[in-house]
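Right, one structure below, let's go through it.
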Amino acid sequence: MDFETVSVVGLGYIGLPTAAAFAARRKRVIGVDVSQHAVDTINRGAIHIVEPELDMLVHAAVTQGYLRATITPEPADAFLIAVPTPFSDGYKPDLRFVEAASQAIAPVLKKGDLVVLESTSPVGTTEQMAAWMAQVRPDLTFPQQAGEQSDIRIAHCPERVLPGHVIRELVENDRVIGGMTPRCSELARELYQSFVRGDCILTDARTAEMCKLTENSFRDVNIAFANELSIICDKLDINVWELIRLANRHPRVSILQPGPGVGGHCIAVDPWFIVDSAPEQARLIRTARTVNDSKPGYVIDRVERAARRFKDPVIACLGLAFKANIDDLRESPAVEIADELAERFAGQVVVVEPNVRTLPAALDGKVRLCELNEALLEADIIVILVDHAQFRRVDPVRFQAKVVIDTRGVLAHA
Ligand code: SAJ
């Protein structure tokens with residue numbers, strides 16, 4: 001089967017790079033998004049998100065005529081759905097964007113088309129997506145009705161790229177592909193092999209769904225272990241960074257790094273999908289989430305205790321991003337901490353974030369964004385929230401006369 005035209009639905013952090021990767025392999029790509037702003041920006045050959053090298057790729061794809069964006073779905077040979085799958089109140093998965101996307105493309109489906117769900121999803125979502133499409137198109141058969149003889153082929157192929165390294169990881173990482181039938185898996189593999197250099201490994205849809213959730217839960221549980229260790233070490237007056245460095249000299253020990261909490265759009269969300277599917281069984285996974293979510297509060301309490309020694313101290317927060325060397329402030333524990341400190345110490349909090357020029361809405365008017373040098377001079381208390389390269393380069397002497405709360409081990413690694 002030759003997939004000449006590929007439609008990518010959802011042109012965000014995953015969909016847009018994926019669309020550009022297909023276009024770079026000279027596929028005709030139709031990008032679909034509900035945002036007119038995103039569509040217009042892409043059709044100008046520009047991008048509406050931040051990811052290294054993506055702007056060049058999209059610009060080339062659009063100017064050479066391989067990529068075009070639209071609000072309204074059009075016929076294609078393969079469809080990839082890469083829309084958000086957040087959780088709603090009570091950590092319940094919210095699948096409304098998958099539902100809307102599958103209902104939007106259903107009218108343009110034709111016999112022989114392949115539909116792949118890329119969004120990170122609770123187990124069973126791929127089957128649910130097929131059911132939503134079948135409701136709109138009773139004239140076509142789907143795998144749940146006709147098995148290998150179905151008109152439409154359905155698979156799940158979760159994305160697993162690291163923000164900041166998307167372009168390289170998209171091509172190099174192995175992909176897990178789970179079709180609703182073996183033939184669905186085979187066809188999806190053919191599609192991905194047009195740009196993926198890693199292995200494309202086949203399984204069923206439910207295993208592929210669980211695989212992605214497992215990868216991020218593995219990381220969450222291991223970060224929770226490191227975060228719990230850091231709190232224990234504070235109590236026992238042990239340097240946790242040194243401790244972890246020493247323990248990791250054991251050939252079968254590999255502890256991750258503590259931090260101010262877990263941010264981003266994936267690791268703090270995906271484990272809840274497992275908890276929701278198996279609430280009684282997922283005890284460790286749920287506890288890890290709770291441990292990581294409580295870390296910002298612990299950091300705030302430490303600052304508060306340190307502040308008691310001063311009258312109206314100036315508190316400098318170094319970093320707002322959810323991890324080092326990126327400009328993504330969404331779902332960042334650093335923003336949560338700066339926000340709460342600004343509430344408790346109104347007018348006394350300054351913030352340094354070398355990767356942004358303006359404050360996020362949550363902090364606007366509450367804290368002052370300033371240069372690193374100025375913050376280091378002014379501050380009585382320095383709270384290191386992100387291990388950006390700029391902070392690692394600071395001469396340790398500059399921290400000496402200050403109270404430093406180093407949540408990332410920047411000083412320990414100096
Ligand atoms: N963090 C720590 N300590 C560590 C490692 C990370 O506190 O030792 C924190 C980071 O500071 C950050 C959060 O965890 O706040 C998440 O950062 P990350 O770099 O671990 O992961 P993400 O969210 O940027 O991307 C993850 C990746 N998953 C895995 O590494 C298993 C990526 O491959 C996935 O594609 C992505 O989630 C996703 O979309 O699901």
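Both counts, for ligands and for their atoms, begin at 1 and track the order of listing. Note that the structure is a prediction, hence the values are computed from the model and not measured.
- Residue contact check for ligand 1: Gly264 places no non-hydrogen atom closer than 4.0 Å to it.
- For the side-chain contact (heavy atoms from CB on, under 4.5 Å) criterion with Ile42, the lone passing option out of Ile47, Thr70, Leu16, Asp33 is Leu16.
- Here the side chain of Asn248 pairs a donor or acceptor atom with the backbone of Ile255 at under 3.5 angstrom.
- Shortest contact from atom 13 (C) of ligand 1 to any protein heavy atom: Gly263 O, 3.6 Å.
- Every atom of ligand 1 with a heavy atom of Lys212 under 4.0 Å away is listed here by number and element: 35 (O), 38 (C), 39 (O), 40 (O).
- For atom 9 (C) of ligand 1, the nearest protein heavy atom (residue, atom name, distance) is Ile223 CD1, 4.1 Å.
- Ranked by closest heavy atom to atom 4 (C) of ligand 1, the top entry among Arg408, Gln257, His265 is Gln257.
- Below 3.5 Å of separation, one finds an N or O of Phe322 facing an N or O of ligand 1.
- Looking only at distances, no side-chain donor or acceptor of Thr5 sits under 3.5 Å from a matching main-chain atom of Arg28.
- A salt bridge does not link Asp204 to Arg206: none of the charged nitrogens lies less than 4.0 Å from a carboxylate oxygen.
- Annotation: atom 28 (N) of ligand 1 to nearest protein heavy atom, Asn216 OD1, 2.8 Å.
- For the pair Glu340 and Arg344, the salt-bridge criterion is met [side-chain N within less than 4.0 Å of a carboxylate O].
- A salt bridge is absent between Glu53 and Arg168: the closest approach of a Lys/Arg side-chain nitrogen to an acidic carboxylate oxygen does not fall below 4.0 angstrom.
- The aromatic rings of Tyr192 and Phe22 are tilted relative to each other, their planes meeting at an angle between 30° and 60°.
- With a 4.0 Å cut-off on non-hydrogen atoms, Val161 touches ligand 1 through its backbone and not its side chain.
- Of the protein's heavy atoms, Cys266 SG, 3.5 Å lies nearest to atom 36 (C) of ligand 1.
- The closest protein non-hydrogen atom to atom 5 (C) of ligand 1 is Arg219 NH2, 3.5 Å.
- Interface of Glu215 with ligand 1, defined as ligand atoms under 4.0 Å from a residue heavy atom, comprises 31 (C).
- Side-chain N/O atoms of Lys295 and Thr407 include no donor and acceptor closer than 3.5 Å.
- Distances from atom 24 (O) of ligand 1 to the heavy atoms of Glu169, Glu331, Lys323 show the closest one on Lys323.
- Of the protein's heavy atoms, Arg160 O, 3.0 Å lies nearest to atom 33 (O) of ligand 1.
- Counting protein heavy atoms only, atom 39 (O) of ligand 1 is closest to Glu159 OE2, 2.6 Å.
- No donor-acceptor contact under 3.5 angstrom links the side chains of Glu209 and Thr125, judged on distance only.
- Listed by number with element, the atoms of ligand 1 under 4.0 Å from a non-hydrogen atom of Leu162 are 19 (O), 21 (O), 24 (O), 25 (O), 27 (C), 32 (C).
- Near Leu256, the atoms of ligand 1 lying under 4.0 angstrom from a non-hydrogen atom of the residue are 8 (O).
- For ligand 1, the atoms sitting less than 4.0 Å from at least one non-hydrogen atom of Pro163 are 24 (O), 25 (O), numbered in the order shown with element in parentheses.
- For Lys212 and Glu215, the salt-bridge test fails: no basic side-chain N is under 4.0 Å from an acidic carboxylate O.
- For the 3.5 Å distance criterion, the side chains of Asn227 and Tyr298 fail to qualify, holding no donor opposite an acceptor.
- Among Ile326, Asp328, Ile267, the residue whose heavy atom sits closest to atom 21 (O) of ligand 1 is Ile267.
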